[in-house]
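So the structure is just underneath, and the comments pick up after that.
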Amino acid sequence: MSDDPETGLDPKDWAAFRKTAHALLEAAIDKMEQAREGRVWTPFPADMKAAFDQPLPAEGLDDSALAGRLAELLPYGVGNTHPRFFGWVHGSGTPQNLLAEIAGAAINANAGGRDHGAIHVERQVIRWCRELFGFPETASGLIVSGTSLATVVALKVARDVRLGFATRKTGLSGARLVGYASAEAHACNPRAFDILGLGADALRKIPVNDRFEMDTAALRAAIAADRAGGFEPFVIIGTAGTVNAGATDPLTELADIASAEQLWFHVDGAFGALGILVPDLAPRFSAIARADSLAFDFHKWLHVNYDAGCVLVRDGTQHRHAFTDRPDYLQAATRGLAAGNPWPVEYGPELSRSFRALKVWSQIAGFGTGRLGAAIAENCAQAAYLAGKVAADHRLELMAPVALNICCFRYVGSDVEANARDALNEEIVIRLQERGVAAPSTTRLRGSTVIRVNLTNHRTTTGDLDLLLAEILVLGEDADVRGFAARNRT
Ligand SMILES: *Cc1c(COP(=O)(O)O)cnc(C)c1O
């Protein structure tokens, strides 16, 4: 026991701490100001790996040494802050969001419940999301790490509603629940089925049409076949913006089928749902307003710094019913710090939760839907521009129609053997990444490896796309790359 404040973890010299913190802030801002320069991705060097392979320290570093270690990490992100990062679906972040992170870290709130600022900020964000997607005032929502967790939350509500909430205690008891999503749906959907004890196979993969949208005739047939086979259909999952090609399922028709069949209608709108911010695109996403639940991300097309996603549930009472479980030490009060009902913990699996809502609020409040939507519209125009350039060049082949912000194509050259194309395109992408020039990713479409350029990047310019194509053409001709492809033909 000691009355000595020095035994705590606060700085002993606040003036020195301020200096150290300011210097690190400068370094962080420098990185963001220079986001357009230099390499896209830089592999983590061997000496850095070694520096992060040390025994557990009994003695700590002083603040300035620690800040040095943090600053050393700045160059080694995944590359998504660079304008030529085109891989997977990553948001590119904003410097402005740093402000929210600073304030949020200082507040250090646990947003699981109780009555304090974070709770009210999160409610504001959820109200905004309700308004954006046309959900009623009785809808509930929760900010979570991302669409993967949002999906688990949404599908748990759907499952419990179908089985009666008693199953929260008694389990599935042999219920043969099945659901439907397109063959292009994200892997987080079958994973949620797995986590919820339904088994990934219980999510039926419905074939897609030539635009990679769910084939609704096949959906109707699958529902009928399952009912005939003694299964219990409970959910249809529509995707707004598939991860492979940016396709959006016919959401209005899915909503109609779900209502006719009395099934829960869930939408995976991870990035694509935000297309609703673009007036020209909004009609494609308007049926989201009919969904029973929606999962989407703030960290992708709204560029909130990682991580933040959201689940909205049309019937807030059902949502709460699926998660609420407050032991004595978490009882609500009407006054004092334990007031502020309902608590977020009643809407999801986490008790302790970070103040993610702050950076989401800050992004929306700071840019408004106008600027955020304009950046989304720009990305869609860029994907169409890229597709136009690809279509005009006989050495390249467009592999999927551009519906939104993703352009999939491949290098075919004039003389590349068909069975060497997959390896060639894979190698082109790896070399682009290794050279630090650009970072698209690859995927498989209809049995072929394709170069996949995803645009959820507010820093990308047309010049970046021109440079990407020029580099792909150079690599496609490169004897070394060709040789590699020839040796790895399939
Ligand atoms: C990214 C993505 C997900 C998963 O979201 P996370 O935020 O990574 O958990 C789900 N569905 C689609 C369509 C996605 O693009």
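Just so you know, ligand 1 is whichever comes first in the structure, and atom 1 is the first atom listed for that ligand. All values derive from a computational prediction rather than experimental measurement. Heads up: numbering here begins at 1 and tracks the sequence.
Here the two rings, on F409 and Y411, have centers that are 6.0 Å apart or farther. For F234 and F193, the gap between ring centers is short of 6.0 Å.
In this structure, R204 forms a cation-pi arrangement with F231, its terminal cationic atom sitting closer than 6.0 Å to the ring centre and no more than 45° off the ring axis.
Contact annotation: for S148 versus ligand 1, heavy atoms closer than 4.0 Å belong to both the backbone and the side chain. The residue W88 has no part lying near ligand 1, judged by heavy-atom distances below 4.0 Å. Using a 4.0 Å cut-off between heavy atoms, T147 contacts ligand 1 through both its backbone and its side chain.
Among all non-hydrogen protein atoms, the one lying nearest atom 12 (C) of ligand 1 is A270 CB, 3.3 Å. With respect to atom 10 (C) of ligand 1, the closest heavy atom belonging to the protein is H186 CG, 3.2 Å. The shortest contact between atom 2 (C) of ligand 1 and any protein heavy atom is with K300 NZ, 2.3 Å. Scanning the protein heavy atoms around atom 11 (N) of ligand 1, the nearest turns out to be D268 OD2, 2.7 Å.
With ligand atoms numbered from 1 in the order given, ligand 1 contributes 10 (C) to contacts under 4.0 Å with heavy atoms of C188. Interface of H299 with ligand 1, defined as ligand atoms under 4.0 Å from a residue heavy atom, comprises 7 (O). The atoms of ligand 1 that sit less than 4.0 Å from any heavy atom of F271 are 15 (O).
In this structure, D466 pairs ionically with K389, as a charged nitrogen and a carboxylate oxygen lie closer than 4.0 Å.
There is a side-chain donor-acceptor pair under 3.5 Å between D297 and T147. Side-chain atoms of N379 and W301 include a donor-acceptor pair closer than 3.5 Å. For N244 and T443, the side-chain atoms include at least one donor-acceptor pair closer than 3.5 Å.
Contact between R452 and I406 at its shortest, heavy atoms only, is NH2-CD1, 3.6 Å.
Nearest-residue assignment for atom 7 (O) of ligand 1 (options T151, N244, D297; heavy-atom criterion): D297.
Going from atom CG of L274 over to atom CG of L132 covers 7.0 Å, rounded to the nearest 0.5 Å.
At least one heavy atom of G241 sits less than 4.0 Å from an atom of ligand 1.
Taking distance alone, with nitrogen or oxygen atoms compared against 3.5 Å, T242 stays at or beyond that limit from ligand 1.
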